[in-house]
Protein chains: 2
Amino acid sequence: MSEDYKQEIRNLELFTAMDEANFRALVRGAYVQNFPPRIDLIHENDPPDFLHVILSGSVDLFSVWNGRETSMATVRPVSTFILAASVRNLPYLMSARTLEKSRIALIPSQDVREVFARDSAFAQAIVAELAQCYRSVVKNAKDLKLRTSFERLANYLLRQQERTGDVAFDLAMEKRRLASFLGMTPENLSRAFKGLEPHGVKVDGSRIVICDLAELTRYAKPNPLIDDYAT
Amino acid sequence: MSEDYKQEIRNLELFTAMDEANFRALVRGAYVQNFPPRIDLIHENDPPDFLHVILSGSVDLFSVWNGRETSMATVRPVSTFILAASVRNLPYLMSARTLEKSRIALIPSQDVREVFARDSAFAQAIVAELAQCYRSVVKNAKDLKLRTSFERLANYLLRQQERTGDVAFDLAMEKRRLASFLGMTPENLSRAFKGLEPHGVKVDGSRIVICDLAELTRYAKPNPLIDDYAT
DNA sequence: AGGCCCGCTTGATAAATGTCAACTTTGCGA
DNA sequence: TCGCAAAGTTGACATTTATCAAGCGGGCCT
């Protein structure tokens with residue numbers, strides 16, 4: 001692995017505080033790979049051989065049951081995924097596939113577990129990361145259980161508005177994947193966009209304009225305990 | 001706090017491996033309290049003053065948004081809750097109330113964070129616990145997104161069957177709470193029980209008998225990656 | 001024992017969401 | 001530039017789920 005990549009990984013919150021020698025040990029067995037779009041990286045139920053770090057591109061985490069499929073999250077650079085499975089050495093709960101051309105570092109889970117056992121700074125960083133992940137999924141579960149699909153979309157749009165800092169933005173993913181992520185069908189997403197028009201949302205292809213932020217906020221009733229990614 | 005309580009807490013997986021002196025420091029500022037049924041212990045968005053350890057009784061974790069309420073989990077002895085908020089020092093995402101008379105130990109979060117920073121065995125135990133919690137919520141989200149309410153109930157019953165080791169058992173909670181936990185209304189739960197009768201489920205009050213386990217299994221299609229609590 | 005409260009059930013109805021099929025639009029490669 | 005494939009949209013309809021109102025029934029207090 002090149003020094004550039006190592007530095008990029010080192011700059012991740014998960015790896016900044018740890019001991020240099022331990023970090024070297026961690027990346028010694030690691031390697032970086034380029035993947036074309038729509039490649040399966042991980043299949044749920046596989047043993048967690050590698051901790052994945054996405055350096056460029058984007059990855060979809062999804063799950064399947066009984067012929068149905070749902071998108072659980074999108075991972076973007078620079079961050080890791082499937083940390084929980086790696087540290088506990090338990091099978092992946094989600095599958096992963098690239099959405100676009102992506103560069104991904106693979107760190108053997110075995111090494112992660114060994115280093116984590118002896119580097120307390122690393123262990124602390126893992127605690128912080130896992131707590132963060134846990135809270136994200138809890139928020140997601142609250143979103144699903146407490147809101148209708150229209151409300152989920154409205155709040156999603158407000159989060160994007162917040163993230164981009166602009167009332168006009170492009171959707172970060174295909175509508176069909178957004179639908180799956182929000183727990184609905186593509187058809188229903190189409191109707192939800194229509195249904196939000198009276199609440200200040202204009203849609204043209206993947207271009208979104210929130211032309212009445214106050215009204216959309218009134219409708220969506222965003223709540224930090226569901227919608228704030230930071231906390 | 002009595003030595004008995006301390007020992008009970010010490011036996012929790014979270015606390016067994018840590019240094020004795022650090023454990024003493026942790027429980028020094030802790031205290032045990034008895035609560036009557038239906039008492040609010042924690043309100044979501046409160047700062048995480050205490051890590052809670054439930055010694056007896058049971059506690060409901062729930063969330064509220066826009067006048068709607070949903071039950072997220074039930075905590076039973078002996079285990080902790082709201083660990084993620086404690087270690088990250090971020091507001092609680094869920095509220096908690098006792099379901100019955102309960103004895104609960106309260107450990108100041110400040111102490112948890114301090115000890116966790118210097119006791120690597122404790123940090124490792126926290127990692128294991130958080131990873132476990134994370135995986136549980138992911139499974140819950142998959143359950144919600146991939147299954148209908150009838151299917152969720154069917155799989156819930158199979159999990160109970162597995163847990164008790166008996167095809168006949170009593171529901172562990174009120175039906176109205178079970179409905180909320182499964183993400184449906186009490187009325188719909190009633191109909192779901194009816195709907196499962198042809199699939200081998202007999203209901204009399206809170207008494208459940210799975211009289212055709214094979215048929216219920218065929219209908220429910222349980223999956224370890226959603227339904228196994230252990231992994 | 002009587003009566004009342006509360007949880008549960010049931011039926012009727014409405015709302016939310018999914019399915020299917022047809023059509024339109026878009027992006028891309030020949 | 002054309003034409004195709006895939007994504008998106010739309011309408012009709014089916015299914016799932018929620019809501020509302022009424023009634024049932026057990027537990028519990030007096």
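The basis for the numbers below is simple: all heavy atoms, side chains too, and nothing from hydrogens, waters or symmetry mates. The sequence lines fix the lettering, A, B, ..., with proteins before strands; numbering per chain opens at 1.
Judged by distance alone, the side chains of S86(A) and S109(A) do bring a donor and an acceptor atom under 3.5 Å apart. Side chains of Y229(B) and R163(B): a donor-acceptor N/O pair is absent below 3.5 angstrom, by distance only.
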Mind listing the N/O atom pairs, protein and nucleotides 16-19 of chain C, below 3.5 Å?
| residue | atom | partner | partner atom | Å |
| --- | --- | --- | --- | --- |
| dT17(C) | OP1 | S149(A) | N | 3.1 |
| dT17(C) | OP2 | S149(A) | N | 3.4 |
| dT17(C) | OP2 | S149(A) | OG | 2.7 |
| dG18(C) | OP2 | T185(A) | N | 3.2 |
| dG18(C) | OP2 | N188(A) | ND2 | 3.3 |
| dT19(C) | O4 | R191(A) | NH1 | 3.3 |
| dT19(C) | O4 | R191(A) | NH2 | 3.4 |

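Look at K194(B) and you won't find any side-chain N or O under 4.0 angstrom from OP1 or OP2 of dT9(C).
Following rounding to the nearest Å, L189(B) (CG) and dT17(D) (P) show an atom-to-atom distance of 12 Å. Following rounding to the nearest Å, R176(B) (CZ) and dC8(C) (C1') show an atom-to-atom distance of 9 Å. In this structure, K175(B) places its NZ atom 13 Å from P of dG27(D), rounding to the nearest Å. The nearest whole Å value for the distance from the CD atom in E174(A) to the C1' atom in dG27(C) is 12 Å. Distance R207(B) CZ to dG26(D) P: 18 Å, rounded to the nearest Å. In this entry the distance linking CG of L144(B) with P of dT17(D) reads 11 Å, nearest Å. What separates CZ of F193(A) from C1' of dT10(D) is a distance of 16 Å, to the nearest Å. What separates CG of D170(A) from P of dG8(D) is a distance of 13 Å, to the nearest Å.
The side-chain contact (heavy atoms from CB on, under 4.5 Å) search around D49(B) returns P47(B), not counting sequence neighbours. S102(B) meets the side-chain hydrogen bond (donor to acceptor under 3.5 Å, both in side chains) test with no other residue; sequence neighbours excluded.
Cation-pi contact between K194(B) and F150(B): absent, since separation from the ring centre below 6.0 Å together with deviation from the ring axis within 45° is not met.
Shown here is E162(A), whose CD atom has no more than 12 heavy atoms of other residues, nucleotides or ligands within 6.0 Å.
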